[in-house]
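Comments concern the structure below.
Each chain gets a letter, A, B and so on, in the order its sequence line appears, and its residues count up from 1.
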There are 2 protein chains.
Amino acid sequence: MDEKAAVGVFECLSSGVRLGVFRLLVKAEPAGIVAGDIASALDIAPSSLSFHLRTMTQAGLLRVEQEGRFLRYRANLVLMTEVVGFLTENCCSGVAGGCRDGDLLSGRFPGCGSSNPVRESKA
Amino acid sequence: MDEKAAVGVFECLSSGVRLGVFRLLVKAEPAGIVAGDIASALDIAPSSLSFHLRTMTQAGLLRVEQEGRFLRYRANLVLMTEVVGFLTENCCSGVAGGCRDGDLLSGRFPGCGSSNPVRESKA
DNA sequence: ACGATATTTCAACAAATTTGGAAATGTTGA
DNA sequence: TCAACATTTCCAAATTTGTTGAAATATCGT
């Protein structure tokens, strides 16, 4: 997962509405939910929901499948797994071990890669 | 971590600039980087960077410390750990086990909580 | 074929975000 | 005290995002 894809996903999750949609769809796995039902469950205007659904689908976060005159949406858990991977690898310290164990932080970091000379002050 | 806090963090990460700042600071742990150096490393106008830095600090993603006339920023790894937790708990399927193992998906979900009656079609 | 339904697309608009320059604030070293 | 510097705040402009209602598209049941 590259940075651009990650930004796309975070963009999706950075809206209360979209995060709500996604959480709803995660709970609804693997059945998925039809657009109209998402709209009524979350009380969003169909037109507005459609806008968010398209955004999320383009980002790869959702999968759609036509079902008669309904469109059934499902959460893409594979992508979300990759996002968690991206976060732990790139955003939870470069130190090996990831950030699952709490003692990682606020403790002492031996050399921290030796690539970070502490600059006291420039001028 | 509640939904509102999570949205705040995702908002921060939903900008290429801010994600770049955060990744840079994660690599620079635990030394942190002074504002001016972030600006030159990422080639952002100081005024613009300051705007993003404030946003991220308010969201709790960054920690600041004054150092003479410099301001040293550091990534808040604790919060990021919580975000990963939020994601695995709320966005990687309600099924116990989280989303660390790949076979979670695309497989069969026994009953999926029995709370998801598949609706064939409403009308 | 027809009317009802599900969803999307479109256009217009309101609201929020982002940017960069200029000025303000505060710190340093002499 | 003063000049240089780091950073922020303020402000205006450009861009992006989100919402709404109306119209379009497509499918269903009869």
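Nearest nucleotide to the A:V17 side chain, out of C:dT8, D:dT19, D:dT17: D:dT19. Of the candidate nucleotides D:dT19, D:dT7, D:dT9, D:dT19 has the atom nearest to the side chain of A:F51. The side chain of B:R54 lies closest to D:dT9, out of C:dT19, D:dT9, D:dT19. Among D:dT7, D:dG18, D:dT8, the nucleotide with an atom closest to any side-chain atom of B:L53 is D:dT8. Of the candidate nucleotides C:dA6, C:dT8, D:dT17, C:dT8 has the atom nearest to the side chain of A:P46. Among the nucleotides D:dG18, C:dT18, C:dG20, the one closest to the side chain of B:A45 is C:dG20. Residue B:S50 places its side chain closer to D:dT8 than to any other of C:dT7, C:dT18, D:dT8.
A straight line from CD of B:E11 to P of D:dT16 spans 18 Å, rounded to a whole angstrom. Regarding B:I33, its CD1 atom lies at a distance of 16 Å from the P atom of D:dA6, rounded to whole Å. B:I44 has its CD1 atom 16 Å from the C1' atom of D:dA6, to the nearest Å. Whole-Å rounding puts the A:E67 CD to C:dA6 C1' distance at 12 Å. The CG-C1' distance, from B:L71 to D:dT9, rounds to 13 Å in whole Å. Remark: C1' of C:dT8 and CE of A:M56 are 17 Å apart, rounded to the nearest angstrom. Residue A:L62 contributes atom CG, which lies 15 Å from atom C1' of C:dT7 at whole-angstrom precision. A straight line from CG of A:L49 to P of C:dT7 spans 9 Å, rounded to a whole angstrom.
Contact record, B:F10 with B:L87: CZ-CD1, 3.5 Å, taken as the closest heavy-atom pair. Residues A:V84 and B:C92 come closest through the heavy atom pair CG2-SG, 4.2 Å.
Applying the side chain to side chain donor-acceptor pair (under 3.5 Å) definition to pairs two or more places apart or across chains, those involving residues 8-25 of chain B are A:E3-B:R23, A:N90-B:R23, B:R18-B:H52.
By the side-chain contact (heavy atoms from CB on, under 4.5 Å) test, B:I44 pairs with B:V17, B:L42, B:S48, B:L49, sequence neighbours left out. Not counting sequence neighbours, the partners of B:R74 by the salt bridge (charged side-chain N to carboxylate O under 4.0 Å, His left out) test are B:E65. Remark: A:D43 engages no residue in a side-chain contact (heavy atoms from CB on, under 4.5 Å) (not counting sequence neighbours).
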For residues 53-63 of chain B, please give each side-chain donor-acceptor pair under 3.5 Å, one per line with the distance, not counting sequence neighbours.
unit_1	atom_1	unit_2	atom_2	d
B:T55	OG1	B:F51	O	3.1
B:T57	OG1	B:L53	O	2.6

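Panel note: side chain B:S50, backbone B:S47; no donor-acceptor pair is recorded below 3.5 Å. Judged by distance alone, the side chain of B:R72 and the main-chain N or O of B:A35 form no donor-acceptor pair under 3.5 Å. Side-chain N or O atoms of A:E89 include none that pairs as donor or acceptor with a backbone N or O of A:C91 at under 3.5 Å.
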I'd like a list of close polar pairs between nucleotides 13-16 of chain C and the protein, N/O only, cut-off under 3.5 Å.
none

Short heteroatom pairs, N/O only, protein and nucleotides 22-27 of chain D, under 3.5 Å:
none

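Close to C:dT19, at under 4.0 Å from its OP1 or OP2, lies a side-chain N or O of B:H52. Note on A:R18: a side-chain N or O is less than 4.0 Å away from OP1 or OP2 of D:dG18. Proximity of B:Y73 to the phosphate of D:dT8: a side-chain N or O atom is located under 4.0 Å from OP1 or OP2.
Here B:N76 contributes atom CG and B:L25 contributes atom CG; the two are 11.5 Å apart, rounded to the nearest 0.5 Å. In this structure, the separation between CG on A:L13 and CZ on B:F86 is 8.0 Å, given to the nearest 0.5 Å. Atom CG in B:L71 sits 10.0 Å away from atom CD1 in B:I38 (nearest 0.5 Å).
End-to-end axis angle for the helix from C:dA1-D:dT30 to C:dA30-D:dT1, using five pairs per end and rounding to 10°, comes out at 40°.
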